[in-house]
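All remarks here apply to the structure that follows.
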Amino acid sequence: MTAITLRPDQPFDLDLTLSCGQAFRWEKAEGWWQGVACGRALRIRQDADRLTFEGADAGFVRDYFRLDQDLPAVLASIDRDPAIGAAIRECRGLRLVKQQPWECLVSYICATNTNIPAVKRRVGLMAERYGEPIDGPFGTAHAFPEPQALAEVTCADLWDCKLGYRTESVRRAAAFATENPDWAERVAAIPFEEAREALMEFRGVGPKAADCVLLFAFGFFEAFPVDVWIRRIVGEAYLPGLTGKNCTPAEYDRIRRFAREHFGEYAGYAQEYLYCARGPARRAA
DNA sequence: CCCCAGGGGATTT
DNA sequence: AAATCCCATGGG
């Protein structure tokens, strides 16, 4: 068991961070969050400025939760109007965790046209069946499977992980990542718009999934994923001219380019704060 | 039971 | 380029 004390000038809210839907392998039980991240089975809780955890060292925890990113500076940079200002006041301490590209890519392929519990189920089944076992603080957990492990799974068995019509997309991504193990390094090394195009070469990855992976795994904080909630929120607060119910490609581009201009280089943080403050989690609660 | 959720791809206009 | 349908699953 390890504990670290958070700096008073660097807010962090573990509950908001893990419950806002950005990562799919966390569950809260009896006051503790437990999950698997980057091959570590981690159990962690927060009491005010104290973080207590087991399953990883302090360096990993700081890195995964981006505790060294200057959050007040980020929030100050996006705080440009009353709507985002309210979201910041409500969700201060929410941080974007640093996910692994491969797991994040597959997770968001599995997230198309579906809800968060279903994504968790799919990712969990793939890990449980094909991921490396990890002895951790809550029994045997499983790492997310490496590309080769998934590439060797038959379509029928992948289908049985409840992937549905996404099965073929995951299978192709696994084959590609097995043959091109440096794919993520190459995406990380090129400019944002090019990286976005590169991710959309994957079958099953469109604008929304690409923006999520760019934001959550590659640290492209200007990425602004647009789902129906964000579309609704942006339509109400910023772009009242939005028409129709569906987000057409042209409309998607209009929203994300507006956000990049309006919020600046950390537009992705604005997206998370708006989603967290006014999206489905809050309305349900 | 039906409806909603609600992303990407294929097809058609 | 825009509109329409379909895909498999989970939640209300």
Side-chain angles (χ1 to χ4, degrees), chain A residues 19-28 99 101 103-130 150 153-177 187 193 195-218 220 223-236 239 241-257 259 268 271-272 274-276 278-285:
Chain A
S19 63
C20 70
Q22 56 178 320
F24 298 107
R25 298 210 62 202
W26 291 96
E27 297 293 340
K28 193 174 188 183
Q99 300 187 42
E103 176 174 347
C104 192
L105 176 73
V106 176
S107 297
Y108 280 94
I109 289 174
C110 292
T112 58
N113 190 20
T114 194
N115 49 33
I116 290 171
V119 184
K120 285 186 168 180
R121 176 127 186 265
R122 292 172 186 139
V123 175
L125 283 171
M126 282 188 282
E128 184 185 315
R129 294 174 182 180
Y130 308 112
L150 280 189
V153 178
T154 66
C155 278
D157 287 343
L158 261 190
W159 187 278
D160 198 49
C161 294
K162 311 301 177 188
L163 302 194
Y165 59 84
R166 306 156 193 86
T167 298
E168 179 61 13
S169 299
V170 171
R171 202 192 59 75
R172 285 201 207 182
F176 181 86
V187 169
E193 292 292 341
R196 194 168 184 270
E197 292 299 318
L199 286 180
M200 288 195 290
E201 304 260 320
F202 285 94
R203 182 189 180 108
V205 178
K208 162 65 160 51
D211 285 333
C212 286
V213 177
L214 290 165
L215 181 61
F216 299 137
F218 286 99
F220 282 105
F224 192 86
V226 181
D227 63 10
V228 288
W229 287 96
I230 287 299
R231 184 187 178 283
R232 194 172 301 159
I233 294 163
V234 170
E236 287 169 4
L239 297 173
L242 293 184
T243 57
K245 300 265 190 289
N246 298 322
C247 197
T248 64
E251 192 179 80
Y252 190 107
D253 252 30
R254 183 175 170 223
I255 293 170
R256 78 178 180 99
R257 290 183 194 286
Q271 192 267 12
E272 277 306 285
L274 290 171
Y275 185 85
C276 183
R278 309 206 18 221
R282 280 306 159 106
R283 305 226 169 168

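So that the names make sense, note that chain A is the first sequence line, chain B the second, and so on, each numbered from 1. All values reported here derive from a predicted model rather than from experimental measurement.
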Legend entry - Test: A/Arg172 and A/Glu168 ion pair at under 4.0 Å: yes
Legend entry - A/Ala250 side-chain proximity, nearest of C/dA2, B/dG6, B/dG8: C/dA2
Legend entry - Nucleotide of B/dA10, C/dA3, B/dG8 approaching A/Thr248 most closely (side-chain heavy atoms): C/dA3
Inset, instruction - Carefully, step by step, assess A/Arg122 and A/Thr114 under the rule side-chain hydrogen bond (donor to acceptor under 3.5 Å, both in side chains). - result: CA-CA 11 Å; A/Arg122 292 172 186 139; A/Thr114 194; 3.3 Å; yes
Inset, instruction - Would you mind pulling out the nucleotide paired to B/dT11, Watson-Crick or G-U wobble, both distances under 3.5 Å? - result: C/dA3
Legend entry - Separation of atom CG in A/Asn113 from atom C1' in B/dG8, rounded to whole Å: 9 Å
Inset, instruction - Rounded off to whole Å, could you give me the CG-to-P distance for the A/Asn115 and C/dT9 pair? - result: 13 Å
Legend entry - Close side-chain approach of A/Val213 and A/Val205, heavy atoms under 4.5 Å: no
Inset, instruction - Step by step, work out the side-chain contact (heavy atoms from CB on, under 4.5 Å) result for A/Cys161 and A/Asp157. - result: CA-CA 7 Å; A/Cys161 294; A/Asp157 287 343; over 6 Å; no
Inset, instruction - Give a yes/no on whether any side-chain N or O of A/Trp229 is located under 4.0 angstrom from OP1 or OP2 of B/dA5. - result: no
Inset, instruction - Select one nucleotide: of C/dA8, B/dG6, C/dA2, the one nearest the side-chain heavy atoms of A/Val228. - result: B/dG6
Legend entry - Non-hydrogen side-chain atoms of A/Cys110 and A/Val170 separated by less than 4.5 Å: yes
Are there any protein N/O atoms within less than 3.5 Å of an N/O atom in nucleotides 11-13 of chain B, and if so, which ones and at what distance?
none

Legend entry - First of A/Pro117 and A/Thr112 reached from the 5' end of DNA chain C, by closest nucleotide: A/Thr112
Inset, instruction - Taking the side chain as every heavy atom from C-beta outward, state whether A/Arg203 and A/Phe176 have any atom pair closer than 4.5 Å. - result: no
Inset, instruction - Measure from CE on A/Met200 to P on B/dG7 and round the result to the nearest Å. - result: 15 Å
Inset, instruction - For side-chain contact (heavy atoms from CB on, under 4.5 Å), just list the numbers for A/Gln22 and A/Tyr275, CA-CA rounded to whole Å, side-chain angles, deciding distance to a tenth of an Å, and then say yes or no. - result: CA-CA 11 Å; A/Gln22 56 178 320; A/Tyr275 185 85; over 6 Å; no
Inset, instruction - May I ask you to say whether A/Arg129 pairs ionically with A/Asp160, meaning some side-chain N is under 4.0 Å from a carboxylate O? - result: yes
Legend entry - Counter-base of B/dC1, judged by Watson-Crick or G-U geometry with both distances under 3.5 Å: none
Inset, instruction - Under 4.0 Å between any heavy atoms, over every strand shown, what does A/Ala209 touch: base, sugar-phosphate, or nothing? Just pick one. - result: sugar-phosphate
Legend entry - Close approaches to DNA chain C from residues 160-176 of chain A, in residue order (heavy atom, under 4.0 Å): A/Lys162, A/Gly164, A/Tyr165, A/Arg166
Inset, instruction - Could you say whether A/Pro249 or A/Thr114 is positioned toward the 5' end of DNA chain C, judged by the nucleotide with the nearest heavy atom to each? - result: A/Pro249
Legend entry - Value in whole Å for how far the C1' atom of C/dC7 lies from CZ of A/Arg203: 11 Å
